[in-house]
Amino acid sequence: MDRVSMVNRVGVGYLTANIEGGEYSYVQEAGSREALITMLGFAPTHFKLDIRFENHNDVVVLIETKQNFTDADEDQLREYLAEEKALHYGKKIICILANTANDRIRVWKSEMDDTHLLRDETVLDTMEHYESLFTENRQNDRERVLKNTYTLNETLHKKDIDEKLRSQFVGTTLLYIKDVFRTRGISEITDETRAELRSYWGNLDARQIRSGIEGTLDGLLDGSDNKALKVALLQRNVLNDQKVKKLTTVDWVQILDEIVGNIYKYINTNSSEGQDILNLFFIAFNKYTGKADKNQAFTPDHITNFMCRATGVDRNKRLFDGTCGSGAFLVQGMVLELADINRQRLVESEKDRLRQIVTREHVFGIEVEEKAYGLATTNMLIHGDGNSNIKKANLFDSEAFLRQADPDIILMNPPYNAKPITIPERYKVGWKADAKEDPTKGLVFLKFISDVIKRMNQERIDAGQPVKEVKTAILLPVSAAIGTSSYISDMKAALLEDNSLEAVFTLPNEIFYPGASANACCMIFTLGRPHMNPDGTTNRTFFGYFKEDGHKKKKNLGRVEQFDSDNNSIWKQIEDKWLDLYRNKTVEDGISAMQVVSGNDEWLCEAYMKTDYSKLCEADFQQTLNNYLAYQIKEGKIYES
C-alpha cells in the first residue's frame, strides 16, 4: 500500500506532519537535536518518522514504511516510540511497520515487544479502530481467573446461593456488570473505578440491583425469539429465588466487586484468548449444575474445542446442537469462528459485518430442560449474542427448526438414557414396552437428525441441486460403540446406510468428573455420504485411543489442565497430536488404528490397535494382575481370607 493510501485509510484529518514530504521530525518538535538528546538521555540514530497521526483523545499512531520490512526495522520504529514518549508524555500509542510493496503490516500497542504485539491486526485500519484498542484495557490471565473462580464459588457458598443456581447467577451478574461499565463509561479497572462502583452499588437497595440485572437482560434480549420466556425463566430461576432475594446490599456489593476485581479485570473480551477464558469462567460453575438426569453432564471445554477443530469449524460454517445444554459446543464453535474472522486480512468494519453474520446466522441450538436452556441463553449473551437461535424444545419435535438451521457441522452430547416417552414411536420398534431408558444410549438422537438430513438431500436432488454433506461429532458412552445389544447394533447399521463413520476416539476415563461417571467416546460421521461406496467397497475408519489428555483430577476443581516445566500446556500438545493423527490417518502402535467396520463390529480403537510394547513396564503388568484379581473377587470366583 502506498503512503497516500495509508494516510487516507487511517484518516487524513489526523495527520500531524511537521516537515516537508509529510514526515514528522522529533528534532523539529523538540526544537533542536540537543534538546531531543537531553529529553531522551541518548543520541538517536533516527528521528524522521514517515507518518504520524493523533486525535483529540491523545491516541497516536506511528507508521514507519518500508518496501518490505524485516525484523531489524523494528529497532528504528522502537526509537521513534521512545522519542514520542519523551516529547508527548501520557499519549496512547500504536506503532506500525507497513510495507509499500504489499499490504503486510506489524502492529504493537504501547510497547514494542512480543507481549504487546497485536497478532490479530493484519490490515491497516482507521483511527477510530485504533482508539478502540484502548477502550478494553485488560490483560488476559487464565490461571488467575481459574483460581479466583474457585474463590468466588466459596463466596457464593457462604452466601447460601444454591450450587445448581450459581452458573446462571454469575452469568447474569456478569452481563449486568458489563452493562454498568458501558453506561458509566468505565474502560479500565483500577482501585479508583472499583471504589466508584462500590459506592454506586452501595447506594442502591437489593431490590434495585435485582431490577438492574433484569433490565440488562431485558435490553439484551430485544429482538430475540421467545424473549418473554427467557426473561420469565431468569426471574423464576434466579432473581425470584428465595436465597437470592435474601442477599442484602452489602452481600451484593461484595459479590459484584469480587467479580469485577478478581475475574473481569483479567479477561479481555475483545480478544480470542479472552473469549476462551470467559468460557472457562462460565462453565467452571456448570459442574455444580447437573441436568435432570444424574448420568448426564456438561462437556468439558477442552473436549468441545477438540471436536470443533476435528470437524473443521471456520467462519463459513453453520453450527447445530440438538441437545445443547449450557451451549458449550455452540459457544466454542462461535469463538473459533470469530477467531477465524480476526485472522483475516480485513478492515475492522468488514470484520464486524462478518461477526454479525456468525452470531446471528451460524449458531443454532435446542434444549428441552428449563435450567439448561436458561444457561445456554446466558452463555450466548456473554459471548456476544447468538441467543436468538436457541430454542426450548424437544429435538424430535423440531424438524422445521433443524431445516432452518441447515447446518454444515453438528456437535452433540445427547442424553445417554433418555426416557422413551420423549422419543417418537417410529424409533422404538422392537423396544421393550416397559423400557425405562433409551436402549440405543443416545444413538437415536443422531438417527433422527440423519433422517431429516436425508429428506433435505432428497429434496435437493429433486430440485437438481447437489447433496449436502454434514460433518458431525457426537459424544456417546463407550457402550454405544461396543454394541453388545441388538438395539445398538441395529441402530449402528441403520446409521451406516446413509452416513459414513469417519472416526471414533476413545476418550479419557472420568471425562465428566465431577459430574457423570460414564466413560465416553467421540464419533465423527459425515451425514449424507453412505458408509459403503457406490462400487460396493468400504473405506477404513480411523480409531484413536485418546485416553491421556494432560488433565488431572483436583479436589473442588474437577479435572485441571497441566503444564510442563516451561509453562506450556500439555493438553495443547496432545490435542495437536490427536488432530494430526486423525487428519493424516496415521497408524501408531498403542494410540491409533485404521479398520473397515460395519454396524455389527465394535467401534473402539482397543479392538484394532497394536500394543506398543516399548512403553510397557513392570507396573503395567502388576496393575493388570490387580485388576484381574479384583474382578475375580467381585464375581465371587475367589474369596479374600
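Keep in mind that what you see is a predicted model, and the values were worked out from it rather than measured. Values below: every heavy atom of this structure, side chains too, minus hydrogens, waters and symmetry copies.
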If I take atom [atom1] from residue [X] and atom [atom2] from residue [Y], how far apart are they, to the nearest 0.5 angstrom?
| X | Y | atom1 | atom2 | value |
| --- | --- | --- | --- | --- |
| E369 | L375 | CD | CG | 10.5 Å |
| L411 | I474 | CG | CD1 | 10.5 Å |
| I209 | Y176 | CD1 | OH | 5.5 Å |
| C324 | M380 | SG | CE | 8.5 Å |
| D162 | H157 | CG | NE2 | 11.0 Å |
| T311 | I410 | OG1 | CD1 | 10.5 Å |

Before accepting this row, confirm whether a basic side-chain N of the pair [X]/[Y] lies closer than 4.0 Å to the acidic partner's carboxylate O.
| X | Y | result |
| --- | --- | --- |
| K159 | D251 | yes |
| D438 | K419 | no |
| E121 | K109 | no |
| E131 | K92 | no |
| K317 | D408 | no |
| E370 | K392 | no |

Would you name the heavy atoms of [X] and [Y] that are closest together and state the gap between them?
| X | Y | result |
| --- | --- | --- |
| M334 | L319 | N-CD1, 4.1 Å |
| T378 | G171 | CG2-C, 3.5 Å |
| I390 | A376 | CG2-CB, 4.1 Å |
| L336 | V313 | CB-CG1, 4.2 Å |
| V260 | I177 | CG2-CG2, 3.8 Å |
| V60 | L62 | CG1-CD2, 3.4 Å |

Would you check, one step at a time, whether the test side-chain hydrogen bond (donor to acceptor under 3.5 Å, both in side chains) holds for H551 with Q562?
CA-CA 6 Å; H551 285 65; Q562 302 297 296; over 6 Å; no

Using atom types as modelled and distance alone, determine if a side-chain donor or acceptor of [X] lies under 3.5 Å from a backbone N or O of [Y].
| X | Y | result |
| --- | --- | --- |
| N57 | V59 | no |
| K351 | N342 | yes |
| E367 | G325 | yes |
| S326 | A372 | no |
| R315 | D340 | no |
| D205 | Q208 | yes |
| R318 | V363 | no |
| E154 | Y150 | no |
| T16 | R52 | yes |
| T249 | A206 | yes |

4.5 Å side-chain heavy-atom contact, [X] and [Y]:
| X | Y | answer |
| --- | --- | --- |
| L165 | V244 | yes |
| I186 | L197 | yes |
| L346 | T122 | no |

Between R360 and N389, does a side-chain hydrogen bond (donor to acceptor under 3.5 Å, both in side chains) hold up when you go through it step by step?
CA-CA 8 Å; R360 294 177 181 175; N389 294 322; over 6 Å; no

Would you say [Y] and [X] are linked by a side-chain donor-acceptor pair, where the criterion is simply a distance under 3.5 Å?
| X | Y | answer |
| --- | --- | --- |
| N394 | T422 | no |
| T155 | E258 | yes |
| E188 | T190 | no |
| D352 | Q356 | no |

Starting from the C-alpha separation in whole Å, work towards a yes-or-no answer on side-chain hydrogen bond (donor to acceptor under 3.5 Å, both in side chains) for H302 and N305.
CA-CA 5 Å; H302 69 294; N305 184 75; over 6 Å; no

Name all residues meeting the ring-ring contact (aromatic ring centres under 6.0 Å, His included) criterion together with Y14; count only those two or more places apart in sequence or in a different chain, and write none if there are none.
none

Qualifying residues under ring-ring contact (aromatic ring centres under 6.0 Å, His included), relative to W252, sequence neighbours excluded:
F169

Side chain to side chain contact (heavy atoms under 4.5 Å, CB included) assessment of L475 paired with F512:
CA-CA 11 Å; L475 274 182; F512 301 119; 4.3 Å; yes

May I ask you to check whether F181 and Y264 place their ring centres under 6.0 Å from each other?
yes

Axial cation check for Y200 ring with R184, 6.0 Å and 45° limits
yes

Out of E350, E337, E348, E361, which one pairs with R355 under the salt bridge (Lys or Arg N to Asp or Glu O under 4.0 Å) rule?
E348

Is the [X] ring parallel, tilted or perpendicular to the [Y] ring (thresholds 30°, 60°)?
| X | Y | result |
| --- | --- | --- |
| W571 | F306 | perpendicular |
| F445 | F396 | tilted |
| F401 | F320 | tilted |

Taking it one step at a time, do N55 and Y130 satisfy side chain to side chain contact (heavy atoms under 4.5 Å, CB included)?
CA-CA 10 Å; N55 72 3; Y130 293 125; over 6 Å; no

For [X], what residues pass the side-chain hydrogen bond (donor to acceptor under 3.5 Å, both in side chains) criterion, not counting sequence neighbours?
| X | answer |
| --- | --- |
| D257 | R194, R198 |
| T173 | none |
| D58 | K91 |
| R119 | none |

Evaluation steps, side chain to side chain contact (heavy atoms under 4.5 Å, CB included), between V452 and R403:
CA-CA 8 Å; V452 175; R403 285 172 170 271; 4.3 Å; yes

Output, in order, the C-alpha distance, side-chain angles, deciding distance and verdict of side chain to side chain contact (heavy atoms under 4.5 Å, CB included) for Q168 and K371.
CA-CA 8 Å; Q168 181 86 69; K371 289 187 177 179; over 6 Å; no

